[in-house]
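Here the structure is laid out as structure tokens; the discussion comes afterwards.
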Amino acid sequence: MPRKFSKNRTNSFRKRVYEVVRKIPQGEVATYKEVAKLAGSPRAYRAVGNILNKNPNLEMISCHRVIKSDGRVGGYKYGKNKKTSLLKKEGITIKQGRVIF
DNA sequence: TCATTGGCTATCA
DNA sequence: CTGATAGCCAATG
């Protein structure tokens, strides 16, 4: 069976990302860049997306609170529409697909 | 173990 | 806005 070898780090970048994302309170949003930075790699924004995309606990992590640095909602595994809807429900103001801080 | 690909991005032309 | 490129982690082969 496919087995990936971990990168002997103190904490997997993945775990860090999960923790950071989980810390995001409702009604607030963070950018992938910020999350990546807090996770320990300011340039791993893409990795964050990849991780969250295949994340094993999508329902456990509020990955929908993570948006692009431009203010755009970005993508979502369940569909950007779902993501936007969730954000709106949490009190985030979205105008024409853009998040207003 | 290494090589290649992919992705909820970022940045620049 | 579109396209290309960059730099990163994880999954797949």
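Chain letters run A, B, ... following the sequence lines, proteins first and then strands; every chain starts at 1.
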> Just to confirm, is there a sub-4.0 Å distance from OP1 or OP2 of C:dA11 to any side-chain nitrogen or oxygen of A:R14?
Replying inline: yes
Rounded to whole Å, the NZ-P distance (A:K37 to B:dA10) equals 14 Å
When all nucleic acid strands are considered with a 4.0 Å heavy-atom cut-off, which category describes A:R65: base, sugar-phosphate, or nothing?
nothing
query = For A:A44, which contact category applies under a 4.0 Å heavy-atom criterion: base, sugar-phosphate, or nothing?
reply = sugar-phosphate
Between OH of A:Y45 and P of C:dT5 the distance, given in whole Å, is 16 Å
State whether A:R72 places a side-chain N or O below 4.0 Å from either non-bridging phosphate oxygen (OP1 or OP2) of C:dC1. yes
When A:A47 and A:K68 are each assigned the nearest nucleotide of DNA chain B, the 5'-most assignment goes to A:A47
Should A:V73 and A:L86 be regarded as members of a common hydrophobic cluster, given that ILVMFWY residues are connected when their side-chain heavy atoms come within less than 4.5 Å of each other, either directly or indirectly?
no
For A:K68 and A:T31 the tightest heavy-atom approach is O-CG2, 3.5 Å
Between the NZ atom in A:K80 and the CG atom in A:L87, the distance rounded to the nearest 0.5 Å is 14.0 Å
Taken to the nearest whole Å, OH/A:Y18 to P/C:dC9 is 14 Å
Looking at C:dC8, I'd like to know if its phosphate oxygens (OP1 or OP2) sit under 4.0 Å from a side-chain N or O belonging to A:S41. no
Taken to the nearest whole Å, CG/A:N53 to P/C:dC9 is 17 Å
A:R43 CZ to C:dT5 P, in whole Å, measures 19 Å
Separation of B:dG7 atom P from A:F13 atom CZ, nearest Å, is 18 Å
Correct closest heavy-atom pair for A:F101 and A:G71 would be CE1-CA, 4.4 Å
Review point. When you check the phosphate oxygens OP1 and OP2 of C:dC9, does a side-chain N or O of A:S12 lie under 4.0 Å from one of them?
Key: no
A:K80 NZ to B:dG7 P, in whole Å, measures 15 Å
Rounded to whole Å, the NZ-C1' distance (A:K77 to C:dA10) equals 14 Å
Practice prompt. Would you mind checking if A:E28 and A:R65 are paired as a salt bridge, meaning a charged N to carboxylate O distance below 4.0 Å?
Written response: no
